[in-house]
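Here's the structure we're looking at; comments come further down.
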Amino acid sequence: KAGVTQTPRYLIKTRGQQVTLSCSPISGHRSVSWYQQTPGQGLQFLFEYFSETQRNKGNFPGRFSGRQFSNSRSEMNVSTLELGDSALYLCASSRDMGNTEAFFGQGTRLTVV
Amino acid sequence: GQNIDQPTEMTATEGAIVQINCTYQTSGFNGLFWYQQHAGEAPTFLSYNVLDGLEEKGRFSSFLSRSKGYSYLLLKELQMKDSASYLCAVRGNNFNKFYFGSGTKLNVKP
């Protein structure tokens, strides 16, 4: 059974650009959550999608957005990149909302220069 | 707001026992999770507590006291491969919204 797949693994962008990250959940999982991980702030919740609808949102500016497709794959977009957006972006999938276990992907390491 | 506190770093000796504490204050509670994260890798699920008490899983055990907003992860018979960050996470009112602590970096020395 394939795990959670995130692409790309590494990305370097310049300030002002925009970026799209992709997450393919485990087959059969319908919930995808996104997190930003930085050394200083730890893991912070960005948003969660279930059945193509955003169900929860963390405290991030509107430059951070996402969507989910009918096959449960999710994308996250960050526009007008800032240096502080450099982080590891992790997505986690679970079978349904309310499931006890979330499985994380390897993450996308974004560096903004 | 949400607040999850755990020590930043701990050091222990191979073969010993270590306890990593986590205290939390969140709006709503639907379970406390512990994850292990090796450097450069994804977090992996270790344990889940939703009722008070101790959950044992091999060398790892996790304890929860909801009235005290407190949990700990106990690692026995430490091995070098246990050197990693341990993340405490609380699921709040919205079922798939997790609040994570900053993680405790555990260094296991020979």
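Note on naming: letters A, B, ... go to the chains in the order of the sequence lines (proteins, then strands), and numbering restarts at 1 for each one.
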Does CG in A:N71 sit with more than 12 non-hydrogen atoms of other residues, nucleotides or ligands closer than 6.0 Å? yes

Which region of B:L87, side chain (C-beta onward) or backbone (N, CA, C, O), has a non-hydrogen atom less than 4.5 Å from a non-hydrogen atom of chain A, or is it both or neither? side chain

Nearest-0.5 Å distance, CD of residue A:Q6 to OG of residue A:S74: 9.5 Å

Scored by heavy-atom pairs under 4.5 Å with chain B, the best of A:R109, A:Q37, A:Q44 is A:Q37

Should the pair A:R63-A:E82 be classified as a salt bridge under the 4.0 Å nitrogen-to-oxygen rule? yes

What part of A:L43 lies closer than 4.5 angstrom to a heavy atom of chain B: side chain, backbone, both or neither? both

Hey, is the main chain of A:F50 close enough, under 3.5 Å, to the side chain of A:R30 for a donor-acceptor pair? no

